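None of these values were measured; they are calculated from a predicted model.
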Amino acid sequence: MRTSTDPAGHPVPPEPPSDPPSGRVVTWLGRFGPVAVGYAVFQALVGLLPDALFGDTARYSLAVVSGLGTGISAWLAAALLRARGSADDGAADGLDGVPSQRRPRSGTASGTVGTDGPGPLPGLSAATYATLVERLTVFDDPPGGRLTGWSHALDEQPEPVRPTATGTAYGLHIVLELGMPDGRLRASDLVETLWRLRLPEGGWSARSQGAVGRPEVTALVLGALARAGADPRLLATEAERCTERFTRELEPAGAELTHVVTTVLRGLLRAAPGSPALPVLRDALVDGAVTDPVRGHRRCWGPRLTPPRGRTVAPSAVHTAQAVVALDRAARVLGEDANARATREEGVRWLLSCPGAAHDGCDDLESGHETVRRPHPVDASRSEVLAVRHFSAAWVMRALLTPGAHAVAVDEGTEAVRQEMLAGAAACVWRQQDNGIWTWDGADFAYPLWMTYQGLSALRAHAVWMYQPGG
């Protein structure tokens, strides 16, 4: 649903949606009057039924019965629509339960949601927290000590599963997102576990990557630790080790991938905002943008920052969203020159020019995956493979919620389009969770913690953006 803004830039609640065509016809019949409708049917049948149908008495009797039945049906249908309309006044607004910017709800009976009742997000957050408490693992690891956290996904068997750096980092992000309402989940335990999972030579890696620290996982963990208030000196040391290894010579595969570069950039902006590597990463991301002739030759991003030999890079909504988020955050920490700003804004325009008719299920919101392939650190005849899945709807939401995206939309008169696309993306994100846990269909590990964090944080950011004091 598209919303508009007033001269001050504040959202103006949209008018309630009109009745569908079938509802308008029945409502019109109800207003026209059941008696009149019945009489019209009676007159029509009298004129259409043949005279030979058992004489005039039978013909008129059949017409009377048909007219009376039609009139009663019209009255009942109109009454049903009126009752349904009254019930909808207290129903959840928006697509699939996602609250939309509407008028305050009318008062309801005691014990039900009224004008001061909560929306669906508090219940979802409580359910997420309860599941994290239930699935928390305390694991005594001989080399690592006592580990408290989660594995990659919530449905891994058999139990207990040794906590991983990736799962525990995303779990820590969720705990901090929810604000730790009680002491059943302690950020200090999770922070200590992440430090214990640090590899002997520094850094962190995914479970499938072995004993060599990888920049994307290290940056993820450092970002979570920084958010939890870990020692800045320890963070700076690990950040320096991460950036020293993250070069095209030592890390050619990762340095060419948009996902890896944006992940490292976002993590270091949290953990080491003064790192000299940040401008280098920002410039590499800007230089890796491609032009899309399908969407007005606007600049955007694909999976790779450098095209494979003999091929071009295909535009990708999720990678464009990741780049917009990373560049927007970098601009606030580092500032930006004209080229970086123009490229970032072009990425926003590219997202806003999505040709899909329904923005709660368009192609830009279709989740995808890619593979990060590196030489094996021990056996050169093998490859180290990391499967990466992308929650595209959540990333598009986060990109459109950046201050830079809002500024572009307001300046260019496309704020209503941005709000419409945000509402559609929020509906798509909401649909993919069940009781506060997000699901990746068709996978062995169908409940990855990273997906729950991305879905929950996107919806909470959207709710903060929608908030209007006194409204």
Side-chain angles (χ1 to χ4, degrees), residues 132-176 184-246 250-251 254 260 263-264 267 271-272 372 374-388 444-445 447-450 453:
L132 287 185
V133 171
E134 178 186 353
R135 305 300 296 179
L136 182 70
T137 297
V138 179
F139 190 91
D140 289 323
D141 186 56
R146 191 176 183 85
L147 304 178
T148 302
W150 299 269
S151 56
H152 181 76
L154 293 172
D155 57 334
E156 293 190 34
Q157 299 292 335
E159 298 178 359
V161 181
R162 185 177 186 268
T164 65
T166 302
T168 303
Y170 278 114
L172 176 57
H173 271 303
I174 297 173
V175 170
L176 298 174
R184 289 177 293 171
L185 296 179
R186 297 183 183 276
S188 58
D189 294 339
L190 305 177
V191 168
E192 184 176 353
T193 294
L194 287 174
W195 282 119
R196 288 178 176 177
L197 289 172
R198 175 183 170 276
L199 297 172
E201 296 183 2
W204 290 262
S205 67
R207 186 168 49 191
S208 63
Q209 291 177 319
V212 175
R214 294 306 184 187
E216 65 273 21
V217 182
T218 297
L220 165 68
V221 173
L222 289 177
L225 290 172
R227 190 177 178 186
D231 188 336
R233 293 171 297 178
L234 297 177
L235 294 176
T237 300
E238 288 299 326
E240 184 177 0
R241 289 175 179 169
C242 176
T243 56
E244 286 175 351
R245 299 171 183 173
F246 191 45
L250 299 176
E251 185 65 50
V260 175
T263 301
V264 174
V372 181
R374 298 179 173 97
H376 195 275
V378 177
D379 186 354
S381 64
R382 298 166 51 200
S383 294
E384 175 191 278
V385 178
L386 177 67
V388 179
D444 293 334
F445 299 143
Y447 303 95
L449 267 168
W450 63 263
Y453 166 65

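Remark: E192 CD to T148 OG1 distance equals 7.5 Å, nearest 0.5 Å. For the atom pair CG of D189 and CZ of R146, the computed distance is 8.5 Å after rounding to the nearest 0.5 Å.
A 4.5 Å side-chain heavy-atom check between L197 and T164 finds every atom pair outside the cut-off. Looking at heavy atoms from C-beta onward, R162 lies in side-chain contact with L147 at the 4.5 angstrom threshold. Side-chain contact between W450 and H152 is present, with at least one heavy-atom pair separated by less than 4.5 Å. Residues L199 and S205 form a side-chain contact, since some pair of their non-hydrogen atoms from C-beta on lies under 4.5 Å apart.
For the pair T168 (side chain) and A165 (backbone), a donor-acceptor distance under 3.5 Å is absent. When atom types are taken as modelled, the side chain of R245 and the backbone of L250 share no donor-acceptor pair closer than 3.5 angstrom. Using modelled atom types, no side-chain atom of R184 and backbone atom of V133 make a donor-acceptor pair closer than 3.5 Å.
Taking all atoms of both residues into account, the shortest heavy-atom contact from V191 to A228 is CG2-CB, 3.6 Å. Contact between F139 and P160 at its shortest, heavy atoms only, is CE1-O, 4.1 Å. A169 and A224 make their closest contact through O-CB, 3.8 Å (heavy atoms, listed as atom of the first residue, atom of the second, distance).
Sorted by first and then second residue, the pairs that involve residues 194-220 and meet ring-ring contact (aromatic ring centres under 6.0 Å, His included), not counting sequence neighbours, are W195-W204. Contacts classified as salt bridge (Lys or Arg N to Asp or Glu O under 4.0 Å) and involving residues 210-222 (residues at least two apart or in different chains) are given here: R214-E251, R214-E384, E216-R374.
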* Could you give me the CA-CA distance, side-chain angles and deciding distance for L449 and L132, then say whether side chain to side chain contact (heavy atoms under 4.5 Å, CB included) is met? => CA-CA 9 Å; L449 267 168; L132 287 185; 3.6 Å; yes

* Show your working on side chain to side chain contact (heavy atoms under 4.5 Å, CB included) between L190 and W150 and close with a plain yes or no. => CA-CA 9 Å; L190 305 177; W150 299 269; 3.7 Å; yes

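For R207, the CZ atom counts as densely surrounded, since its 6.0 Å shell holds more than 12 non-hydrogen atoms of other residues, nucleotides or ligands.
Looking at V221, L220, L222 one by one, the single match for side chain to side chain contact (heavy atoms under 4.5 Å, CB included) with T218 turns out to be L222.
Between E238 and R241 there is a salt bridge, with a side-chain nitrogen of the basic residue lying less than 4.0 Å from a carboxylate oxygen of the acidic one.
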